Amino acid sequence: MAVKKSRESIGKDLRRIIDADKVKCEAEDLLAYSSDSIRYYAKGDPDAVVLAASVDDVSKTVKYANDNEIALTSRGAGSGLSGGSTPIQGGIVLDTKRMNSILDINKGNMTARVESGVVLANFHRSVEKERLFYPPDPQSMDVCTIGGNISTRAGGPRGVKYGTTGDYVLGLEVVLADGSVINTGGVCVKTSAGYNITKLLTGAEGTLGVITKANLRLVPLPAHSKTVFITCDTVQLASEIVSKIIYEGVIPAVLEYLTAGAMGLMNSYNPMPIPLDGQAYLLLELDGTNSAIDEDVAKLKSICSEMKAKNILAIDDKNQADLVWEARKNLSPLVLRILKKTITEDFTVPRDMIPTMVTAIGEISQKVGIGIGMAGHAGDGNIHPNILMAQITEENEKKAIEAIDMIAKKCLELGGTVSGEHGIGLHKSYLLALECGQTQIDLMKRIKQAFDPKGIMNPGKLWTEAVS
Ligand SMILES: Cc1cc2nc3c(=O)[nH]c(=O)nc-3n(C[C@H](O)[C@H](O)[C@H](O)COP(=O)(O)OP(=O)(O)OC[C@H]3O[C@@H](n4cnc5c(N)ncnc54)[C@H](O)[C@@H]3O)c2cc1C
């Protein structure tokens with residue numbers, strides 16, 4: 001979409017429509033909003049940034065963008081890993097972080113109503129004070145927003161037992177491309193009323209509307225939890241144990257897969273390091289009543305002994321367990337301390353295909369000649385391959401693209417998906433057609449046309465050719 005108005009006039013117009021202090025047009029602001037957290041990929045300077053504080057601000061901004069055919073990119077914290085909030089066609093970036101109120105926590109109905117700019121970890125803390133639990137836990141939870149989570153259907157380690165963001169969204173307040181405001185769904189745990197627009201907007205990556213409020217389902221806060229650590233001699237064995245654990249009916253709240261390298265890095269951050277004597281590690285959190293946890297630990301020990309895992313360690317000290325999880329949360333930033341660049345992918349395969357996928361990624365790494373680390377939410381088939389680059393060179397970049405392409409194709413061949421949680425955004429837009437086929441892409445385009453006839457909402461995302 002070509003911006004027809006000059007940068008200067010867009011800024012001036014916006015300052016007439018909404019409070020002038022909510023509109024930023026200085027070069028340093030525009031640079032700060034020119035990409036999401038993956039800064040080494042494509043960038044695009046916006047022409048203006050609006051710091052919306054209310055649905056009214058959003059509505060006026062969107063209507064202005066639509067009337068003038070100016071691209072509009074919604075943005076939460078910009079922590080995305082797929083270029084989703086990168087304004088590649090310039091225009092207006094709509095920052096939602098000032099809309100950060102938790103409007104209601106209803107203990108009787110076990111639901112909450114929040115503004116979309118609420119930071120996830122703040123929401124976790126607020127509901128947990130009421131002994132309620134909101135399970136979705138993308139590891140960026142200290143910064144990412146509920147609106148960003150909903151728009152990407154974000155997930156995290158707890159996906160294996162509790163599902164991901166999409167499983168908790170009951171209703172949405174959304175500003176459509178013409179500036180009108182709709183409320184979808186509601187606060188009931190079920191509805192059969194017509195097309196499920198809530199689901200359609202959940203994961204739409206800001207291409208269909210701007211989410212301003214959400215009704216979210218809550219569950220009871222588990223009474224207890226225990227962290228368990230399994231050491232394996234081989235990556236293959238760790239993968240096989242993942243499938244076996246779940247098949248035997250032990251559903252951990254979290255089931256993470258880590259290579260020896262990843263564990264070594266986590267130990268460097270952890271004042272109470274875990275002994276390292278294997279090639280692959282499983283880090284689990286069991287939750288529930290103490291007796292249910294004890295039963296699960298006993299089952300795990302029996303599985304590990306039968307399958308000849310090297311070691312199983314239940315961490316009884318809560319402080320030590322918290323340190324391990326804190327280190328896990330910081331794994332990506334830790335990798336970036338020693339390497340120049342990593343590309344974190346979120347390919348996901350059916351759980352029984354984990355061993356095949358892990359082996360294939362090892363072979364691809366060898367064949368292409370580039371390091372690929374692996375750590376991920378293995379319990380739900382989401383093994384994050386991390387393409388590791390000690391130096392940023394043209395040759396390494398080429399190898400990285402080749403490796404990602406090969407992994408994506410293998411993942412699809414095994415019945416997987418090219419994005420388990422980060423979304424398609426910009427960087428994976430060439431892969432969506434491989435997964436869905438052109439007929440479905442064409443259907444998505446017609447849906448987009450119905451919501452956003454002028455194509456102003458986050459243009460250039462999801463599929464390769466720009467919508468204009
Ligand atoms: C260290 C690190 C760890 C991470 N770990 C995980 C993980 O475990 N799991 C996971 O799923 N992701 C993870 N991510 C990726 C990212 O944090 C998530 O995708 C998160 O949901 C993005 O939220 P955000 O508020 O930053 O959204 P942004 O990055 O700002 O936006 C993401 C997308 O949502 C759209 N959007 C944002 N807000 C709205 C709105 N209100 N209305 C409409 N569209 C909107 C944007 O246009 C964009 O397309 C990680 C990122 C980092 C940097």
Side-chain angles (χ1 to χ4, degrees), residues 33 35-39 46 52 55 58 61-62 71-88 91-100 114-121 123 136-159 164-166 169 172-177 201-214 254 256 328-336 342-346 348 375-377 380 382 384 386 419-429 451-452 457-462:
Y33 285 87
S35 79
D36 65 5
S37 66
I38 302 296
R39 294 200 60 78
V55 62
V58 175
T61 307
V62 173
L72 181 133
T73 306
S74 300
R75 184 179 175 106
S79 72
L81 294 170
S82 63
S85 58
T86 300
I88 45 160
I92 300 168
V93 167
L94 188 84
D95 180 321
T96 56
K97 286 199 300 296
R98 288 190 181 182
M99 297 192 289
N100 59 6
V114 300
E115 288 189 306
S116 56
V118 167
V119 170
L120 178 61
F123 184 54
D137 59 340
Q139 297 295 278
S140 50
M141 62 180 84
D142 291 329
V143 294
C144 68
T145 65
I146 300 272
N149 297 165
I150 294 173
S151 300
T152 53
R153 288 199 292 272
R158 291 182 196 139
T164 60
T165 304
V169 182
L172 295 171
E173 178 186 85
V174 180
V175 176
L176 298 178
L201 288 158
T202 303
E205 303 191 28
T207 61
L208 301 180
V210 184
I211 297 168
T212 44
K213 294 191 185 78
V254 179
E256 294 287 278
R328 169 65 189 95
K329 203 163 79 178
N330 283 293
L331 186 55
S332 290
L334 281 168
V335 174
L336 279 174
T342 68
I343 302 175
T344 304
E345 284 297 348
D346 64 330
T348 302
H377 323 315
D380 54 22
N382 187 181
H384 287 296
N386 273 312
S419 178
E421 53 182 32
H422 297 163
I424 295 294
L426 184 60
H427 311 317
K428 289 197 166 186
S429 55
F451 272 83
D452 178 21
M457 293 280 183
N458 207 1
K461 309 295 166 63
L462 291 180

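In each ligand, atom 1 is the first atom listed, and ligand 1 is the first ligand listed. Every value quoted in this text rests on a predicted model; they were computed, and no experiment measured them.
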Numbered atoms and elements of ligand 1 in range of [X], under 4.0 angstrom, heavy atoms:
X: T152; value: 19 (O), 21 (O), 32 (C), 33 (C)
X: S116; value: 41 (N)
X: G84; value: 47 (O), 48 (C), 49 (O)
X: G209; value: 43 (C)
X: E205; value: 47 (O), 49 (O)
X: H377; value: 8 (O)
X: G78; value: 26 (O), 28 (P), 29 (O), 30 (O)
X: A154; value: 11 (O), 21 (O)

Does [X], backbone or side chain, put an N or O under 3.5 Å from an N or O of ligand 1?
X: S74; result: yes
X: A77; result: yes
X: P157; result: no
X: V210; result: no
X: S37; result: no
X: I211; result: yes

Taking the ring of H422 and the ring of H384, is the distance between their centroids below 6.0 Å?
yes
So do D346 and K428 actually touch side chain to side chain, heavy atoms under 4.5 Å?
yes
Which of the listed options, S85, G425, S79, holds the heavy atom that is closest to atom 26 (O) of ligand 1?
S79
Given R153, R158, Q139, H422, which has its nearest heavy atom closest to atom 5 (N) of ligand 1?
Q139
So which heavy atom in the protein is nearest [atom], and how far is it from that ligand atom?
atom: atom 9 (N) of ligand 1; result: G155 O, 2.5 Å
atom: atom 27 (O) of ligand 1; result: G148 CA, 3.5 Å
atom: atom 34 (O) of ligand 1; result: S151 CB, 3.3 Å

Ion pair check, E421 and R153, cut-off under 4.0 Å:
no
